[in-house]
Amino acid sequence: CDSTRLYDQRGDDTAYRVVAGALSRVTDAIEAYDGTVIKAIGDGVMAIFAEPDKALLSATAIVAPSDDDITMRAGLHYGPVLMVEGDVFGDVVNVASRIVNLAQAGEVLLTGEVRAQLSKILLNGIGFLDKISVKGKPDPVEIHRLVTGEVDATVVGVPTTIELEKQVA
């Protein structure tokens with residue numbers, strides 16, 4: 001969160017090293033919970049997980065306070081995605097991106113679709129936040145917040161993945 005301020009206050013070289021270290025920490029937390037990093041997007045990371053529980057646990061680890069003075073946030077959504085040449089596309093990716101942008105520093109937000117897939121033991125730390133309008137969606141999206149932990153990764157739960165081969169024109 002707020003990497004623009006970091007670059008302004010510490011200068012490009014120092015800020016880059018701090019952000020790169022934080023992104024490495026994010027990648028480690030994703031891989032520790034069997035997630036797959038799809039790509040870095042500026043100062044954020046997009047990842048997919050086969051299990052919503054592991055996505056939530058990873059997000060919790062990502063937003064945990066650290067020594068680098070970098071605060072993180074995370075947004076999680078659940079559903080099928082299209083995978084093309086190692087990248088993911090679809091409604092789930094778009095909604096996850098919108099959700100992470102709503103999260104405050106140190107916060108993990110997740111949709112009702114994610115919550116519905118979580119193990120009962122993990123539901124204790126999830127609180128209803130609101131139903132919100134999301135750009136491009138006709139109906140409001142139910143948003144929940146992790147209340148027992150703290151997540152800047154866009155994390156997408158993936159129940160199914162469709163691999164498309166590159167088409168040559």
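In what follows, residues are counted from 1 in the order of the sequence shown.
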Of the non-hydrogen atoms in [X] and [Y], which two are nearest, and what is the gap between them?
X: A105; Y: C1; result: CA-SG, 3.6 Å
X: Y33; Y: S58; result: CD1-CA, 3.6 Å
X: A29; Y: I62; result: CB-CG1, 3.5 Å
X: I30; Y: T36; result: CG2-N, 3.9 Å
X: V95; Y: K137; result: CG2-CD, 3.9 Å

Criterion side-chain contact (heavy atoms from CB on, under 4.5 Å) against H77, the qualifying member of V93, T111, N94, V100: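 Looking at V93, T111, N94, V100, the match for H77 under the side-chain contact (heavy atoms from CB on, under 4.5 Å) is T111.
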Which distance, rounded to the nearest 0.5 Å, do you find between the [atom1] of [X] and the [atom2] of [Y]?
X: E51; Y: Q117; atom1: CD; atom2: CD; value: 11.0 Å
X: S3; Y: D8; atom1: OG; atom2: CG; value: 11.5 Å
X: L110; Y: R145; atom1: CG; atom2: CZ; value: 11.0 Å

All pairs passing salt bridge (Lys or Arg N to Asp or Glu O under 4.0 Å) where residues 29-38 contributes a residue, at least two apart: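 Non-adjacent pairs meeting salt bridge (Lys or Arg N to Asp or Glu O under 4.0 Å): D34-K54.
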Partners meeting side-chain contact (heavy atoms from CB on, under 4.5 Å) with L6 (sequence neighbours left out):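 Listed in chain order: R10, A15, V18, V19, I70.
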Any residue meeting side-chain contact (heavy atoms from CB on, under 4.5 Å) with D53, in chain and number order, not counting sequence neighbours: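 Counting only residues at least two positions away or on another chain, D53 forms a side-chain contact (heavy atoms from CB on, under 4.5 Å) with L118, S119, L122.
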Validation row: I143, I99 side chains within 4.5 angstrom (heavy atoms):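 They are in contact (side-chain heavy atoms under 4.5 Å apart), so the answer is yes.
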Side chain proximity check, L146 to I126, heavy atoms < 4.5 angstrom: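 With C-beta onward as the side chain, the pair touches.
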From CA spacing to verdict: side-chain contact (heavy atoms from CB on, under 4.5 Å), M83, I48: CA-CA 11 Å; M83 183 171 269; I48 59 173; 3.6 Å; yes
Sequence neighbours excluded - side chain to side chain donor-acceptor pair (under 3.5 Å) pairs with any residue from residues 16-30: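 Checked against side chain to side chain donor-acceptor pair (under 3.5 Å) - neighbours excluded - the pairs reaching residues 16-30 are R25-S66.
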ring-ring contact (aromatic ring centres under 6.0 Å, His included): pairs with one or both residues in residues 90-110, sequence neighbours excluded: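 Found none.
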Sequence neighbours excluded, every pair satisfying ring-ring contact (aromatic ring centres under 6.0 Å, His included) that has a member inside residues 83-132: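 Qualifying pairs: F128-H144.
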Stepwise side-chain contact (heavy atoms from CB on, under 4.5 Å) check, L23 with V45: CA-CA 8 Å; L23 291 177; V45 176; 3.7 Å; yes
